[in-house]
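If you're wondering where the values come from, they're calculated on a predicted model, not measured in any experiment. Quick note on labels: first sequence line is chain A, next is B, and so on, each numbered from 1.
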There are 2 protein chains.
Amino acid sequence: MEKVGRKERERQAHRGEILRAAEKVFAGKGFFQTTMSEIAHEAEFGTGTLYKYFKSKEELYFTLIDEKTEEINRLVNAELCRGTSVKERIKNVLNLEFQFIEKNRDFFRIYVSERSRFEWTVKDELGKKIHEKMVTYIRHLARVLKEGVDRGELKPMEPLDMAHALTGIVNSLFFEWLISPHPYPLISKANTVFEIFLRGTEKMERRK
Amino acid sequence: MEKVGRKERERQAHRGEILRAAEKVFAGKGFFQTTMSEIAHEAEFGTGTLYKYFKSKEELYFTLIDEKTEEINRLVNAELCRGTSVKERIKNVLNLEFQFIEKNRDFFRIYVSERSRFEWTVKDELGKKIHEKMVTYIRHLARVLKEGVDRGELKPMEPLDMAHALTGIVNSLFFEWLISPHPYPLISKANTVFEIFLRGTEKMERRK
DNA sequence: TTAAATAGTGAATATTCGTTCATAAAATGA
DNA sequence: TCATTTTATGAACGAATATTCACTATTTAA
């Protein structure tokens with residue numbers, strides 16, 4: 001086991017402060033319009049200091065995304081691996097996600113812009129790594145949905161399509177919440193998502 | 001009626017060529033990583049010439065988005081205003097959209113990145129205008145869905161939520177298609193979207 | 001034919017950052 | 001205390017690029 005001294009702990013604290021400052025500034029103005037000196041100012045460090053902790057602007061940015069993505073992925077995967085019914089797990093994952101998003105509004109402003117950016121996925125090593133993580137998540141979800149199909153809980157459809165549809169609904173409502181000027185609890189939409197995804201919007205006659 | 005001479009027609013043709021070149025380059029590398037001289041080169045004009053047609057890089061970019069958005073909006077709205085059943089109209093709109101997207105792949109790479117960018121919506125006059133158009137479309141869709149609710153075709157839910165859910169599913173599958181390395185006809189997914197949106201994914205016992 | 005107007009050009013300009021580095025300040029420990 | 005190591009700093013450097021403008025080529029119309 002590693003013994004970490006005060007020195008090291010302090011270093012990590014500073015790193016964390018820089019990351020938090022970066023999160024805030026990037027969330028407001030996007031990658032390209034954010035300058036290193038703005039981040040430095042927000043973090044109350046000199047510009048040069050940032051480079052003692054991160055090799056470049058890009059590395060700072062991707063580290064930020066990478067660490068938070070890792071965190072939410074761990075949470076969600078844990079729930080997806082439970083032994084309960086598929087429907088139950090989906091419901092819980094939605095609640096988890098919405099809670100996490102609500103607690104990390106700034107971060108998700110960044111995340112949502114990143115999701116639909118092609119510019120790096122090709123070029124950059126870091127960019128590829130992030131993209132991998134997003135893909136992994138979808139595939140994990142699809143596997144669970146397939147389990148639902150096999151068990152007869154869900155209709156026989158292509159699980160990847162279902163997974164995309166579900167995350168699509170989530171993203172769309174969550175995006176709306178992000179830009180809404182009068183914020184309401186996002187969690188209040190979790191049930192709507194679940195309901196539409198499972199049972200659709202068409203009115204049907206029920207027979208007892 | 002305006003009589004347009006050869007001169008004017010030629011000018012418009014050049015403008016169009018510049019827009020087409022810009023579309024291509026922006027789609028590949030995004031707004032910030034595209035340079036005016038790349039666009040000029042692609043369009044086979046000098047750098048300075050671009051400024052004879054567009055006031056700035058931003059104006060060029062937004063004009064591009066604005067004009068195509070207008071086009072798809074016209075198409076879709078026409079269908080949404082038909083007198084057929086709501087379900088019928090939704091189905092047709094999905095087909096229209098998917099066809100249009102398939103024909104304008106480059107443009108939609110740009111569009112999809114723009115959808116989730118906050119950076120301008122606040123700052124810029126042009127940016128605001130685009131954002132308005134996106135909102136207008138959603139509201140229009142929601143109005144039709146409300147009609148479906150009132151007529152008893154759809155379940156009684158918040159129409160805006162339904163509209164967001166539907167566009168969410170569309171965007172998600174369409175995005176997947178965009179980044180897919182082995183392109184398949186996007187139109188083949190129209191039915192999946194319609195099916196999930198209307199009837200959901202849950203398997204139910206049917207009774208005759 | 002020729003003068004005036006228009007369209008096109010790309011090198012030069014000015015600005016904006018990402019990054020570096022010589023120095024200062026602080027911490028360490030002998 | 002004083003020498004050494006570590007950490008922080010922000011001015012200065014250099015690359016990138018949006019925009020301008022003095023100039024050329026082309027078209028117009030008198």
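As a whole-Å value, the separation of B:Phe32 CZ from D:dT17 P is 13 Å. Rounded to an integer number of Å, the gap from B:Leu50 CG to C:dA7 P is 15 Å. The distance from atom CD of A:Glu8 to atom C1' of D:dT7 is 13 Å, rounded to the nearest whole Å. With rounding to whole Å, B:Arg15 atom CZ is found 14 Å from C:dG8 atom P. The separation between B:Phe54 atom CZ and D:dA18 atom C1' is 16 Å, rounded to whole Å. If you take CD of A:Glu10 and C1' of D:dA8, they are 13 Å apart, rounded to a whole angstrom. Taking atom NZ of A:Lys57 as the reference point, atom P of C:dC17 lies 8 Å away to the nearest angstrom. Atom CG in A:Leu60 sits roughly 12 Å away from atom C1' in C:dG18 (whole-Å rounding).
Nearest to the side-chain atoms of A:Thr35 among the listed nucleotides C:dC17, D:dT19, C:dG8 stands C:dC17.
When all heavy atoms of B:Asn95 and B:Ala190 are compared, the closest pair comes out as OD1-CB, 3.6 Å. Pairing each heavy atom of A:Leu173 with each of A:Leu186, the nearest pair is O-CD1, 4.4 Å. Minimum interatomic distance between B:Ile18 and B:Ile39 (heavy atoms only, all atoms of both residues): O-CG2, 4.3 Å.
Using modelled atom types and a 3.5 Å distance limit, the side chains of A:Glu59 and A:Ser56 yield no donor-acceptor pair. A donor-acceptor pair shorter than 3.5 Å cannot be found between the side chains of B:Glu195 and B:Thr192. A:Tyr61 and A:Glu114 form a side-chain donor-acceptor contact under 3.5 Å, judged by distance and modelled atom types alone.
A cation-pi contact, defined as under 6.0 Å to the ring centre and within 45° of the axis, links B:Lys189 to B:Tyr184. Cation-pi geometry between B:Arg11 and B:Tyr53 is satisfied (NZ or CZ under 6.0 Å from the ring centre, within 45° of the ring normal). Cation-pi geometry between A:Lys68 and A:Tyr111 is not met: the NZ or CZ atom fails to fall both under 6.0 Å from the ring centre and inside 45° of the normal. Both cation-pi conditions hold for B:Lys57 and B:Phe31: the charged atom is under 6.0 angstrom from the six-membered ring centre and inside a 45 degree cone around its axis.
Under the side chain to side chain contact (heavy atoms under 4.5 Å, CB included) test applied with B:Val86, the options B:Lys91, B:Glu147, B:Lys146 reduce to a single match, B:Glu147.
Salt bridge A:Glu70/A:Lys133: present, at least one basic N to carboxylate O contact under 4.0 Å.
With sequence neighbours excluded, no residue forms a ring pair (Phe, Tyr, Trp, His ring centres under 6.0 Å) with A:His140. B:Thr201 is linked by a side-chain contact (heavy atoms from CB on, under 4.5 Å) to A:Leu154, A:Met157, A:Met162, A:Phe197, A:Leu198, B:Ile196, counting only residues two or more places apart in sequence or in another chain.
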Distances under 3.5 Å between nitrogen or oxygen atoms of protein and nucleotides 12-14 of chain D:
none

For nucleotides 26-28 of chain D, print each protein N/O atom paired with a nucleotide N/O atom at under 3.5 Å, atom names and distance only.
from: D:dT28; atom 1: OP1; to: B:Arg6; atom 2: NH2; distance (Å): 2.8

Below 3.5 Å between N/O atoms, which protein atoms pair up with nucleotides 20-26 of chain C? Just atom names and distances, please.
none

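Across residues 36-46 of chain B, B:Met36 each have a non-hydrogen atom less than 4.0 Å from an atom of DNA chain D (numbered order).
Across all strands shown, B:Tyr53 has heavy atoms under 4.0 Å from sugar-phosphate atoms exclusively, and none from any base.
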